Amino acid sequence: MKSFLSKTAREIAPYTAGEQPSDKKYVKLNTNENPYPPSPKALEAYKNLDFSSLKLYPPLEMKALRAAIAAAEGVSPENVFCGNGSDEILALCFPAFFDEGGEGAAFADVTYSFYPVFADFFKIPKKVIPLEEDFTLDLGKLTKVPAQGAIVANPNAPTGIGIPLSEIEAFVRANGERVVILDEAYMPFFDQSAAPLTKKYKNLVVVKTFSKGYSLAGMRCGYAVADASLISGLERCRDCFNSYPVDSVCQAVCAAAIADGAYYKEKNALVISERERLSEALEALGFVVLPSAANFVFARHPRFSGRKVYEELRARGVLVRHFQKERISEFCRITVGSKEENDALLSALEGFIK
Ligand code: PMP
C-alpha cells in the first residue's frame, strides 16, 4: 500500500523517553526527576494566577520569566531564551547552529541519546567521539574533529561524570571559531555552571532546565544563556515552529521558582548527600559505580547483567533505566530518590543480590 508518510517520518529512529507506567505504583527512579516538591513560592505563583488571563496567548517576549532567569544567572534578559523543556531548545540548537549537510555536530558516543536524533532529523552529519575506557571525555579529541560545532552534556548522561569548569573554559577557548553547546541539565548537582562564561565567549550556548534542579519536570520549561546574536538565531528557528512554546502558567511558576534559589539549594544538597550514600551502599552490594556529579548514578554489577538488574527491580516495584546499547548495556541508570525511595531500592536489590 502507498505510504502517505515522508521519508523522514518513515525512517527516523526517534528518541525513546523513560517509561511512565500506570499499571501499578512504582518507586520511580528511571527519569531523573527530583524527589522533592517545587518551591512553595512556585505554588503561590500558581495559585495567584488569574485564570481568565488564559483566554489570551502567553506573553510573547516572556519578559518576567527571562528577567528572573537573567537575575539568577547574572546575565541580561537579552541573553536568555526559554523553551518547552530543554529538549526543545537542544532541538532548536541544531538548525540554529549547524547547516544541513555541513561539517556536522561533534559529540560523544555515550551521551544524551537525543543528540543523534536531532542531527538525523535536521540532516546534520554526526561526528561521534568515543569516550575513554573509564567513560571520561577527552575534550582534546572533540576539539580536533572537523565539525561546525560541538555539544557536551556536563554532567554527562547517562554516566553522571562531571567535567570541571576550568577544563570546560579551556575547551570553549580552544573552539573559539565554532559553536559549543553545553547541556547543563544536571548542573544543579555539580555547581560548576559555565553560564557566566557566556559573557566572555561569543561561541558558547549553555542550556539548562527546570525539570531536575527545580522539581518542575511536569511544567516543561528550559532555557539557554548565550550572546544575544546566538539567542536571536534560536528565536528565528523557534518562530518557524511555534511562537508560544512556554504557556502562561509555566512562565509564572518558573519565574517564581528560579527566584527561590535558597529553597532549591537546600533540597539539592539533600539529593547530593543521598547520592553519596546510595553510591556507597551500591558498592557494598558489589556494584561498580561511576563517580556521579548528577542526580543519578550509573552502576553495573559483575554478576548480574544490566537487563537482569532492571527486570529484578521492576518485578519488585522499583523502576530504573536500562539502555540496550553498545558499551553501556551492563549498566543501569538509577535516579537518586528520597531517603525512603533509596532505601526501597536497596532492599529490593538485597532481595536478589546476596
Ligand atoms: N539533557 C539531558 C542530558 C537530559 O538527560 C534531559 C532529560 N531527559 C534533558 C536534557 C531534557 O530535559 P527537559 O526537556 O526536561 O528540560
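What you are looking at is a predicted structure, and each value in this text was computed from that prediction instead of being measured. Counting starts at 1 for both ligands and their atoms, following the listed order.
Nearest protein heavy-atom neighbour of atom 8 (N) of ligand 1: Y112 OH, 3.1 Å. In terms of protein heavy-atom proximity, atom 7 (C) of ligand 1 is nearest to K212 NZ, 3.2 Å.
At a heavy-atom cutoff of 4.0 Å, ligand 1 is contacted by no atom of E88, backbone or side chain. At a heavy-atom distance under 4.0 Å, only side-chain atoms of Y186, from C-beta outward, approach ligand 1. Within the 4.0 Å heavy-atom criterion, both parts of S86, backbone and side chain, lie near ligand 1.
Residue contact check: S211 has heavy atoms under 4.0 Å from atoms 13 (P), 15 (O), 16 (O) of ligand 1. Heavy-atom proximity to A185, at under 4.0 Å, picks out these atoms of ligand 1: 1 (N), 2 (C), 10 (C). Close approach of ligand 1 to R220 (heavy-atom distance below 4.0 Å) involves ligand atoms 13 (P), 14 (O), 15 (O). Close approach of ligand 1 to T209 (heavy-atom distance below 4.0 Å) involves ligand atoms 13 (P), 15 (O), 16 (O). Near G85, with a cut-off below 4.0 Å to any heavy atom, the atoms of ligand 1 are 14 (O), 16 (O).
Salt bridge annotation for E73-K208: present, with a cationic side-chain nitrogen under 4.0 angstrom from a carboxylate oxygen. Residues E19 and R321 are not paired through a salt bridge, judged by the lack of any N-O separation under 4.0 Å between the basic side chain and the carboxylate. Taking 4.0 Å as the cut-off between side-chain N and carboxylate O, R66 and E61 do not count as a salt-bridged pair. Salt bridge status for K126 with D120: present, with a side-chain N to carboxylate O gap under 4.0 Å.
The nearest non-hydrogen atom to atom 11 (C) of ligand 1, considering only N32, D87, V207, comes from D87.
Looking at D183 next to ligand 1, an N or O pair under 3.5 Å apart turns up.
The shortest side-chain heavy-atom distance between H322 and F331 does not fall under the 4.5 Å cut-off.
Judged by a 6.0 Å distance limit and a 45° cone about the ring axis, R327 is positioned over the six-membered ring of F135.
When N342, T31, N32 are each tested for a side-chain hydrogen bond (donor to acceptor under 3.5 Å, both in side chains) with T335, only one passes: N32.
Under a cut-off of 6.0 angstrom, the local environment of CD in E11 is crowded, with over 12 non-hydrogen atoms contributed by other residues, nucleotides or ligands.
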